Amino acid sequence: MMSLSASKSNASDSFSLLDERIQRWIWQSGWSELKDAQEQAIPAILAGDQDVVIAAATASGKTEAAFLPILTRLLSEQEKGCVIYISPLKALINDQWWRLEGLCETLEIPVTPWHGDISSTQKRKFKKSPVGCLLITPESLEALLMANGHALQGLFGGLRYLVIDELHAFIGTERGKQLQSLMNRIDIALKRFTPRIALSATLGDMNKAAEFLRPKANTPAKIIKSNDANQELKVLIKGFIDYPLGLADPASLEPDDADFEKSISQGTRAISEHLFKTLRGSNNLVFPNSRGNVEKYAALLRSLCENLSLPNEFWPHHGSLAKEVREETEAALKAKDRPASAICTTTLEMGIDIGSVKSIAQIGCAPSVASLRQRLGRSGRRGEAAILRCYALEAELTPQSPLSDLLREDLVQSIAQVRLSLRSWYEPPKIEGLHLSTLIQQLLSLIAQYGGINAASAWTTLCGSGVFANVSKQDFILLLRELAKKEILIQTPTGLLLHGPVGEQIVNHYSFYAAFSSEEEFRLVHGGKTLGSLPLSQPVEKGTHLIFAGKRWQVQSLDIEKKVIVVMPALGGKLPQFDGGSIPVDDGVRQEMRQVLAETMPIPFLDATANQLLQEARATFHRMGLDAQVILVSSNTVQLYLWRGDRIMNTLVLMLKLAGFNAENVGLCIDIKTNNPEKLFDALRDLAASPPPDPMTLVANVINKQLEKWDNLLPDELLARNFSSHTLDVVGGHGAIKALAQGL
């Protein structure tokens, strides 16, 4: 395991700026000095005249960097004010409430958590006296704005700051666009500037993050990047070959056969056994990238405990599990009396307090470099080294193996992600997406907030402000006409926009407050206790065996109308199927992958198997001439190895399809079926000599352009533009074609 370390030094010049009561609390808490992020943030936030973006490693005191000066400001004013803290997770709100409550209680500043699990009594108490710290999700803030309309000036008249935690989790998403709009609507209601304070551990481009925080800002945001050096890191990538099934062919098993382990490949089993042997006796987090894999590895690890008559140390954690089941896992991690490891998805990637974690295990590539770094930040939080183990599961090679297997794509991508993370490189935020689905939601919400709004005011609030900056007045009118045609909106003779009959149904449904969509699901119940939920698309019938929450169940009964599945414990089961999208690979990652393959020096953080697999991949890379060329020609196929990100690769595929070629993005390369390479090369030269193509033309033949919740309500023209904004990079694609054509 390779170890990296760095020194750190801090100064503390901002302590005297804090309220005396907060100074006393700091000393009583045993702090010897302020951390770097806190030192830089305190004067900037106290000034209150600009937005602040704080990027610092996990457990580096970002929350205190924001709240120590904010609380000082609240204490310094005669009129009691408030701060709104916005979090992507309810669990994170609960954690921050616990974290702030001790300090704020001594300062006599109330802290109010606000989400679906909080009692109406607590919420009424805040509305009656809206002071202190309000901790809230975007969805609950949406509901608050809609319900209070013209009364927002009274409710948030004392608002001093907006704090956005885990900013990276919002950028480039429907919720992020919703959040931008909500913050802008608050500014409009208050008719003044309210400073926005953003916190994150992983931001690849600080200026883009600041642009996201406040589009069209008059004053640039203060950007704070912590100078605290990272703690020592220990990194190891282990390689495994996924040999065929060792015990039984799944096709030979009866549908009700109890033993799902017989369908597990040798490679998966070997990873489970190594996790069991390495992680037992300590607290760890294991990220296998999907809910299905969480269930698989949790069940395998639990079985290994049971087979040796040992107490279980391995607990599942993902978004489809019931809150009580997730909290059981979190409690096991926090408990001091026994070790526990969580097999989890992104639900434990962010800053929920789960106590001290010894190591992180990543099975397969992480969704992104930023995600890998975020996960690694959960380890080594008590001054110890952070430990990362990556498990690369590669296919057994055959004469029919594709070149991606020969180049060991997943292993090489994992290596590239680790190297980029060690250099503190993260994917730049993608803020170009139109998110017109969220525009529809925000328009309907705005109408509910004010009881109706004219079209000009709606456009100014939502688009002219910069939130949906790429939507012109003509586009907005086109959208309004489409929504009127579908009875989402109506317009009065005076020009007031109101909800139409269909719009009323949409807004009055409980799911409206969320800008993102979620599939309807069955509720799994045992002994009257909800275990979690399964997608309705999951085929289930009475007698079916399931693995869920890391345990084995058999279906006793189904209630299709109530969407309830009752289960009982069983000896075996099969894994549920969960849908899950993948994050596009960035240019920087693919270029680092090429660098990994082009080098000849050994990589110190690989085990013997991973190193052997890499040497085989490098030999293939050089043998195929990919160190010197990007085009491989065979009898009926041309492959383009451009080492570019998925957005550019997707753009090139559509450009080639428009030119009449059968092209496909297969990850490492673009695969083009043709027995006439010269015709293809002529087409590439023509494309390079032509202006960049119109995105609308490129996506004209894409069948399903609906990506987000309300995309089905968009007119075709806006749907096509919206789709291209999320999936394509026309400028980058055209540039890649021009570079390619120069070598032809």
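Numbers here are sequence positions counted from 1. Because only heavy atoms are used, hydrogens play no part in the values below, and waters and symmetry mates are left out as well, while side chains stay in. Quick caveat: nothing in here was measured; it's all calculated off a predicted structure.
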Lys486, NZ: over 12 other non-hydrogen atoms inside 6.0 angstrom: yes
Value rounded to 0.5 Å, distance of CD in Gln180 from CG in Leu462: 12.0 Å
Polar side chain donor-acceptor pair, Ser472 to Asp475, under 3.5 angstrom: yes
From CG (Leu141) to CG (Leu182), nearest 0.5 Å: 5.0 Å
Side-chain donor/acceptor of Ser226 to backbone N/O of Ala56, under 3.5 Å: no
Side-chain donor/acceptor of Thr461 to backbone N/O of Ala458, under 3.5 Å: no
Salt bridge flag under 4.0 Å for residues Lys430 and Asp205: no
Asp716 atom CG, neighbour heavy-atom count above 12 within 6.0 Å: no
Min side-chain heavy-atom separation Ile118-Lys90 under 4.5 Å: no
His168 side chain to Ser200 side chain, donor-acceptor N/O pair below 3.5 angstrom: yes
Salt bridge present between Arg175 and Glu139 (N-O < 4.0 angstrom): yes
Over 12 foreign heavy atoms within 6.0 Å of NZ, Lys123: yes
Check: Pro215 main-chain N/O paired with Glu211 side-chain donor or acceptor under 3.5 Å: no
Approximate separation, where rounding is to 0.5 Å, of Lys62 NZ and Ile224 CD1: 12.5 Å
Rounded distance (nearest 0.5 Å) linking atom CG of Leu479 with atom CD of Glu717: 11.5 Å
Side-chain (Asn508) to main-chain (Gln505) donor-acceptor, under 3.5 angstrom: no
Charged N-O contact under 4.0 Å between Arg373 and Glu427: no
Sidechain N-carboxylate O distance under 4.0 Å for Glu142, Arg185: yes
Leu744 side chain reached by Ile631 side chain, heavy atoms, under 4.5 Å: yes
Check: Val471 and Leu436 side chains under 4.5 Å, non-hydrogen atoms: yes
Presence of salt bridge, Arg196 and Asp187, under 4.0 angstrom: yes
Pairwise side-chain contact, Leu144 with Leu134, heavy-atom cut-off 4.5 Å (strictly under): yes
Nearest non-hydrogen partners of Ser140 and Gly116, listed with the distance: OG-N, 4.3 Å
Heavy-atom closest pair, residues Ala515 and Gln178: CB-OE1, 3.5 Å
Heavy atoms of other groups near Asn701 CG, more than 12 under 6.0 Å: no
Electrostatic pair Arg423-Glu592, nearest N-O below 4.0 angstrom: yes
Side chain His499, main chain Leu444, donor-acceptor under 3.5 Å: yes
Side chain proximity check, Tyr426 to Gln374, heavy atoms < 4.5 angstrom: no
Can you give me every donor-acceptor pair (side chain of residues 659-673, partner residue at least two apart or in another chain, under 3.5 Å) with its distance?
from: Asn665; atom 1: OD1; to: Gly667; atom 2: N; distance (Å): 3.0
from: Asn665; atom 1: ND2; to: Asp646; atom 2: OD1; distance (Å): 3.4
from: Asn665; atom 1: ND2; to: Asn650; atom 2: OD1; distance (Å): 3.1
from: Asp671; atom 1: OD1; to: Lys673; atom 2: NZ; distance (Å): 3.1
from: Asp671; atom 1: OD2; to: Gln639; atom 2: NE2; distance (Å): 3.0

Whether over 12 other heavy atoms sit under 6.0 Å from Lys738 NZ: no
Separation of Thr651 OG1 from Ile737 CD1 (nearest 0.5 Å): 10.0 Å
salt_bridge(Glu482, Lys485) N-O dist < 4.0 Å: yes
Modelled atom types, side-chain donor and acceptor of Ser371 and Arg375, under 3.5 Å: yes
Residues Asp587, Arg644: salt bridge by 4.0 Å N-O rule: yes
For the student: nearest non-hydrogen atoms of Gly452 and Leu496, plus distance: C-CD1, 3.7 Å
Closest non-hydrogen atom pair between Ser724 and Arg721, with its separation: OG-O, 2.9 Å
Validation row: Ser511, Ile506 side chains within 4.5 angstrom (heavy atoms): no
Side chains of Thr112 and Leu135 in contact at under 4.5 Å (non-hydrogen atoms): no
Side-chain donor-acceptor pair present, Ser181, Gln442, cut-off under 3.5 Å: yes
Heavy-atom side-chain contact between Asp711 and Lys705 under 4.5 Å: no
From CA spacing to verdict: side-chain contact (heavy atoms from CB on, under 4.5 Å), Leu203, Ile171: CA-CA 10 Å; Leu203 291 170; Ile171 297 177; 4.1 Å; yes
Stepwise side-chain contact (heavy atoms from CB on, under 4.5 Å) test for Phe512 and Ser445: CA-CA 9 Å; Phe512 173 74; Ser445 176; 4.1 Å; yes
Flag if over 12 foreign heavy atoms under 6.0 Å of NZ, Lys222: no
Check: Gly172 main-chain N/O paired with Glu432 side-chain donor or acceptor under 3.5 Å: no
Backbone of Val467 reached by a side-chain donor or acceptor of Lys177 within 3.5 Å: yes
Ser421 side-chain N/O to Gln417 backbone N/O, donor-acceptor pair under 3.5 Å: no
Check: His435 ring centre within less than 6.0 Å of Phe468 ring centre: no
Donor-acceptor contacts under 3.5 Å from residues 152-165 side chains, at least two apart:
from: Arg160; atom 1: NE; to: Glu77; atom 2: OE1; distance (Å): 2.7
from: Arg160; atom 1: NE; to: Glu77; atom 2: OE2; distance (Å): 3.3
from: Arg160; atom 1: NH1; to: Gly158; atom 2: O; distance (Å): 3.2
from: Tyr161; atom 1: OH; to: Ile45; atom 2: O; distance (Å): 2.6
from: Tyr161; atom 1: OH; to: Arg73; atom 2: NH1; distance (Å): 3.2
from: Asp165; atom 1: OD2; to: Tyr85; atom 2: OH; distance (Å): 2.6
from: Asp165; atom 1: OD2; to: Gln96; atom 2: NE2; distance (Å): 3.2

Lys/Arg N to Asp/Glu carboxylate O, Asp682 vs Lys679, below 4.0 Å: no
Heavy-atom pair of closest approach, residues Leu652 and Ala736: CD1-CB, 4.2 Å
Any donor-acceptor N/O pair, His734 side chain to Asp729 backbone, under 3.5 Å: no
Audit row: Val52, Ile54, side-chain contact (heavy atoms from CB on, under 4.5 Å) steps and yes/no: CA-CA 6 Å; Val52 179; Ile54 304 173; 3.9 Å; yes
Distance, nearest 0.5 Å, that separates CE of Met183 from CD1 of Ile86: 6.0 Å
Thr345 versus Arg291, side-chain donor and acceptor atoms under 3.5 Å: no
Any donor-acceptor N/O pair, Thr173 side chain to Phe170 backbone, under 3.5 Å: yes
